[in-house]
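These numbers come from a predicted model, not from an experiment. Residue numbers begin at 1 in each chain, while the letters A, B, ... track the order of the sequences.
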Number of protein chains: 2
Amino acid sequence: MKILVIEDEPDMLDNIVRSLEAEKYVVETAATFDAALEKIHLYQYDCILLDISLPDGNGLAILQELKEMDAAQGVIIVSARNSVDDKVAGLNLGADDYLPKPFHIAELHARVKSVLRRRKFEGSRLIELGNLKVDPEERTVYVNDTLLTLNRKEYDILLYFISNKNRLVSKTALGEHVWGDQIDEADSFDFIYSQIKNLRKKLKAQEAHLEIQAIYGIGYKLLLT
Amino acid sequence: MKILVIEDEPDMLDNIVRSLEAEKYVVETAATFDAALEKIHLYQYDCILLDISLPDGNGLAILQELKEMDAAQGVIIVSARNSVDDKVAGLNLGADDYLPKPFHIAELHARVKSVLRRRKFEGSRLIELGNLKVDPEERTVYVNDTLLTLNRKEYDILLYFISNKNRLVSKTALGEHVWGDQIDEADSFDFIYSQIKNLRKKLKAQEAHLEIQAIYGIGYKLLLT
DNA sequence: AGCAGCTTATGAAGATTCTGGTAATTGAAG
DNA sequence: CTTCAATTACCAGAATCTTCATAAGCTGCT
């Protein structure tokens, strides 16, 4: 699960990020209006935490932008300006929840969880692909109706491949989606290789009709076989 | 996938090119009307990004030219002049999409991807040639219904030959299509020779009724035998 | 024909990337 | 702290792609 935190106060930001990362979310941040806009357009998130009192632009404009993009993530507004107007404006613009400052971290987690759960229900149906069934809600995968136990990374990778079926997935894109954007140019891709290897082994062991094909020098592609 | 970017502002151009190259597209550029015309006539592209407000000629004229050439690539118009007229004129002249400035890079990528995908689906069916069958979507090649395993480069070369059947293919054109324009005048063509050699060997081993004929001093030609 | 100067072909070595095994590290749970 | 699973690192070998050296072929010239 990938979360974007838009917040300008460094302390607060740090706090939120640490606590979310402790819960195993992949967290990215934006401290300014522009940075936020860029991230929103570049990557896909499952949930966005938005402080609407940013220094260089109104956070509500970001909401507007998100709505126009027709994106599918959940949005939780965080604000110290606890006016009813702000709240109404935010929810009208499609925010999923509103969290007044100050708040307790546990409260934040609960809201995030609830938004993610709600979102999941909306799009919740089995994804079928060959003899494979994926239940995004339970994060479970079935091959011929027997359960395939995947680790977190393996599952994330598989789901990313599935949502990019027949499309080419660059190693950097895969890396950014599954590991967050801390990936460096200079980094090796050993951890990707390792995970791909394990995923392939498990898929093969259950005779899934899927193949992760390597494209030399570029990345991978998921094929039905 | 080869993309031509026609754009006169250096910053913007640089930006676009970098981002597309990061996605592993082969990118070429033209900053003026004349340069664009030349490239269009000389090479084949899978997609063209066209800024219609060029300094030395109306970008729409390029669209017109493309249409008359009956070329098969996708065209995305980029423009800061966001008048409805421009948009309508562009789409009427056969553009596939219209992207108003300013835009976010991710938006651009999405459009490019979508145009390329659409194009691919249109032309997606088995290509038959002698006793050879090519499935462009799966990137597979069959000779007498047995699979012929080709590497990426070998496949790219074969497909380029096939799409230029009976036509003469210059080494530079082939090189630029398969390797992109990182090819230098000073470069040798050893890698082309090597790949051609391997491709020929594989075609011969499976007794494909195809022959890659060298034309001394000019290039190659694919013949049915 | 014979030769010079070029282009093309070929096999082998080199470089890079990918694979699949194993091992080390990290992290969570008891 | 210990234990077990998850994740990452390391490595040898395979596959892919490029470079290199050298051979062979073509063209125009005398």
Side-chain angles (χ1 to χ4, degrees), chain A residues 1 18-26 139 141 148-158 161 168-172 174-175 177-180 182-205 211-223, chain B residues 24 26 139 141 147-158 160-161 168-180 182-205 211-223:
Chain A
M1 285 295 160
R18 281 167 194 278
S19 72
L20 289 175
E21 279 178 344
E23 299 283 315
K24 300 297 164 203
Y25 296 110
V26 172
R139 290 177 68 90
V141 179
L148 180 63
T149 25
L150 295 182
N151 299 335
R152 189 203 325 280
K153 299 281 188 214
E154 289 161 359
Y155 176 85
D156 285 347
I157 291 172
L158 178 60
F161 275 129
L168 204 150
V169 172
S170 76
K171 275 190 315 238
T172 43
L174 181 63
H177 190 267
V178 176
W179 279 266
Q182 73 265 31
I183 286 190
D184 212 344
E185 271 299 326
D187 265 339
S188 82
F189 292 103
D190 277 356
F191 42 93
I192 294 187
Y193 294 145
S194 282
Q195 296 290 350
I196 294 268
K197 174 188 54 183
N198 294 335
L199 180 53
R200 284 210 267 233
K201 198 197 281 176
K202 288 188 180 177
L203 288 175
K204 199 167 186 179
E211 192 194 329
I212 298 170
Q213 190 185 41
I215 315 280
Y216 189 93
I218 309 218
Y220 292 94
K221 204 168 134 184
L222 185 70
L223 293 180
Chain B
K24 301 297 171 200
V26 172
R139 293 176 67 92
V141 180
L147 183 65
L148 179 62
T149 27
L150 295 182
N151 300 335
R152 198 159 57 90
K153 298 283 188 214
E154 290 162 0
Y155 175 85
D156 285 347
I157 292 172
L158 178 60
Y160 189 61
F161 276 128
L168 207 148
V169 171
S170 78
K171 275 202 314 271
T172 43
L174 180 62
E176 289 193 358
H177 190 267
V178 177
W179 279 266
Q182 76 258 34
I183 289 189
D184 214 343
E185 271 299 326
D187 265 338
S188 80
F189 290 100
D190 279 355
F191 43 87
I192 294 187
Y193 296 143
S194 281
Q195 296 289 354
I196 294 264
K197 175 189 56 179
N198 295 335
L199 179 53
R200 274 174 174 156
K201 199 197 282 175
K202 287 188 180 177
L203 288 174
K204 200 167 185 179
E211 193 194 329
I212 297 170
Q213 189 185 39
I215 317 269
Y216 188 89
I218 314 244
Y220 293 94
K221 206 165 133 182
L222 186 69
L223 294 180

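- Across the protein-nucleic acid pair, A:Phe189 atom CZ and D:dC10 atom P stand 16 Å apart, rounded to whole Å.
- If you check every strand for non-hydrogen atoms under 4.0 Å, A:Lys153 touches sugar and phosphate atoms only.
- At whole-Å resolution of the value, NZ in A:Lys197 and P in D:dA9 are 12 Å apart.
- Shown here for B:Trp179 and B:Ile157, the closest heavy-atom pair between the two residues is CH2-CD1, 3.9 Å.
- At the heavy-atom level, B:Ile212 lies nowhere under 4.0 Å from the strands shown.
- A:Tyr193 places its OH atom 15 Å from the C1' atom of D:dG13, with the value rounded to the nearest Å.
- Qualifying side chain to side chain contact (heavy atoms under 4.5 Å, CB included) partners for A:Arg152, counting only residues two or more places apart in sequence or in other chains: A:Lys24, A:Arg139, A:Asp156.
- Between the OG1 atom of B:Thr172 and the CD1 atom of B:Ile218 there is a distance of 10.5 Å, given to the nearest 0.5 Å.
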Solution key, residues 190-201 of chain A side-chain donor-acceptor pairs under 3.5 Å, sequence neighbours excluded:
unit_1	atom_1	unit_2	atom_2	d
A:Ser194	OG	A:Asp190	O	3.4
A:Asn198	ND2	A:Ser194	O	3.4
A:Arg200	NH1	A:Ile212	O	2.5

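- Of the inter-residue distances, the one linking B:Gln213 atom CD with B:Phe161 atom CZ reads 10.5 Å to the nearest 0.5 angstrom.
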| query | Once each nucleotide of nucleotides 20-26 of chain D is scored for protein heavy atoms under 4.0 Å, what B/S/- sequence comes out, 5' to 3'? | reply | B----BB
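- Nucleic acid contact class of A:Lys204 (heavy atoms, under 4.0 Å, all strands): none.
- Between the two ends of the helix from C:dA1-D:dT30 to C:dG30-D:dC1, each summarised by a five-pair axis, the helix axis turns through 10° (rounded to 10 degrees).
- For NZ of B:Lys202, the number of neighbouring non-hydrogen atoms (other residues, nucleotides, ligands) closer than 6.0 Å is greater than 12.
- Residue B:Tyr220 is in sugar-phosphate contact alone, with no base atom involved, counting any heavy-atom pair closer than 4.0 Å across all strands shown.
- Qualifying ring pair (Phe, Tyr, Trp, His ring centres under 6.0 Å) partners for B:Tyr160, counting only residues two or more places apart in sequence or in other chains: B:His177.
- The phosphate of D:dT7 has neither OP1 nor OP2 within less than 4.0 Å of any side-chain N or O from A:Trp179.
- Nearest heavy-atom pair across A:Leu158 and A:Leu150 is CD2-CD1, 3.7 Å.
- If you take CD of A:Gln195 and P of D:dA5, they are 16 Å apart, rounded to a whole angstrom.
- An OP1 or OP2 oxygen of D:dA5 is reached within less than 4.0 angstrom by no side-chain nitrogen or oxygen of A:Asn151.
- Rounding to whole angstrom units, CD of residue A:Gln213 and C1' of D:dT16 are separated by 13 Å.
- Put simply, chain A comes within 4.0 Å of DNA chain C, heavy atom to any atom, from C:dT16 to C:dA28, going 5' to 3'.
- Rounded to an integer number of Å, the gap from CZ of B:Arg152 to C1' of D:dA15 is 13 Å.
- Taken from CD in A:Glu154 to CG in A:Leu148, the straight-line distance is 8.5 Å, to the nearest 0.5 Å.
- A straight line from CG of A:Asn198 to P of D:dT7 spans 9 Å, rounded to a whole angstrom.
- Here B:Ile215 lies in heavy-atom contact (under 4.0 Å) with sugar-phosphate atoms only.
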